[in-house]
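Have a look at the structure below, then the notes.
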Amino acid sequence: MEDAHAIHISVDGDPSHNFFGVYDGHGGTQTAQYTQDKLHANLTSQPTFKSGDYKEALIKSFIDLDKEMYEEKSGKFSASGCTAVTVLTKNSTIYCERGRNEENQSRGWFCGV
C-alpha cells in the first residue's frame, strides 16, 4: 500500500492541539512516508504556528515540505507523489489543508466549530 497517515494528540505539548493527516501515495511509498514523518514537525517549527496563525502555518508547512522534497538531490522522490489532507484542531476550531493546486499555490481554510 502506498498510503500513510499521521495522528498527533497534544501537538507541541498542548492538549488543546491535535493534528491528523492522510497521505494518498502514488507511484511508490517514498513521498507519502516522508510527508507522514516530516509534515507535523515542519508545521510546529513555523513561526506562524508559534504566533497562533495556524492557517498560514499549515499553508507554509506544505510549501516548505514540497520545496524540500523537490530540492532533494538523490532523486528518491522523483517517481512518487502524494495527495494530502490534514486537520489541525485548536480548542473548538478546525484548520484544514489539502495541499497544492495546479498553480503551485497551497490552499488552506479554517472552520469554526
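- Partners of Tyr54 by ring-ring contact (aromatic ring centres under 6.0 Å, His included), not counting sequence neighbours, listed by chain and number: His17, Phe49, Tyr95.
- The side-chain contact (heavy atoms from CB on, under 4.5 Å) test applied to His5 returns Ile7, not counting sequence neighbours.
- The side-chain heavy atoms of His40 and Val11, taken from C-beta on, include a pair separated by under 4.5 Å.
- Residues satisfying the side chain to side chain donor-acceptor pair (under 3.5 Å) criterion with Gln33, sequence neighbours excluded, are absent altogether.
- Summarising the geometry of Gly25 relative to Ala32, their closest heavy-atom pair is CA-CB, 3.9 Å, with the distance given to 0.1 Å.
- Residue pairs meeting the salt bridge (Lys or Arg N to Asp or Glu O under 4.0 Å) criterion with at least one partner in residues 5-16, sequence neighbours excluded, are Asp14-Lys90.
- Between Leu65 and Tyr34, some side-chain heavy-atom pair lies under the 4.5 Å cut-off.
- The CD1 atom of Ile63 lies 7.5 Å from the CD atom of Glu56; values are rounded to the nearest 0.5 Å.
- Between the side chains of Asp53 and Gln46, no donor-acceptor pair of N or O atoms lies under 3.5 Å.
- Taking the side chain as every heavy atom from C-beta outward, Asn91 and Ser16 approach each other to under 4.5 Å.
- For Ser10 against Pro15, the heavy-atom pair with the smallest separation is OG-CA, 3.3 Å.
- Rounding to the nearest 0.5 Å places CD of Glu2 at 8.5 Å from CG of Asp24.
- Proximity of Ile94 to Phe20: side-chain heavy atoms (C-beta onward) are nowhere separated by under 4.5 Å.
- Between Lys60 and Asn42, every side-chain heavy-atom pair lies at or beyond the 4.5 Å cut-off.
- When all heavy atoms of Thr35 and Cys82 are compared, the closest pair comes out as OG1-SG, 3.8 Å.
- Nearest heavy-atom pair, Thr31 versus Met69, reported as atom, atom and distance to 0.1 Å: CG2-SD, 3.8 Å.
- When all heavy atoms of Thr86 and Gly21 are compared, the pair lying nearest together is CG2-CA, 4.0 Å.
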*Apply side-chain contact (heavy atoms from CB on, under 4.5 Å) to Phe19 and Val87, showing your working.*
CA-CA 6 Å; Phe19 178 85; Val87 172; over 6 Å; no
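- The shortest side-chain heavy-atom distance between Glu72 and Lys76 falls under the 4.5 Å cut-off.
- Going from atom CG of Leu43 over to atom NE2 of His8 covers 9.5 Å, rounded to the nearest 0.5 Å.
- Contacts classified as salt bridge (Lys or Arg N to Asp or Glu O under 4.0 Å) and involving residues 27-42 (residues at least two apart or in different chains) are not found.
- To the nearest 0.5 Å, atom OG of residue Ser61 and atom CD of residue Glu68 are 11.5 Å apart.
- For Thr29, the side chain to side chain donor-acceptor pair (under 3.5 Å) test picks out no residue, with sequence neighbours left out.
- Between the Lys50 side chain and the Thr44 main chain, a donor and an acceptor come within less than 3.5 Å of each other.
- Contact annotation: the side chain of Leu39 approaches that of Phe62 to within less than 4.5 Å [non-hydrogen atoms, C-beta and beyond].
- Although no hydrogens or angles enter the test, the distance criterion places no donor-acceptor pair under 3.5 Å between the side chain of Gln36 and the main chain of Ala6.
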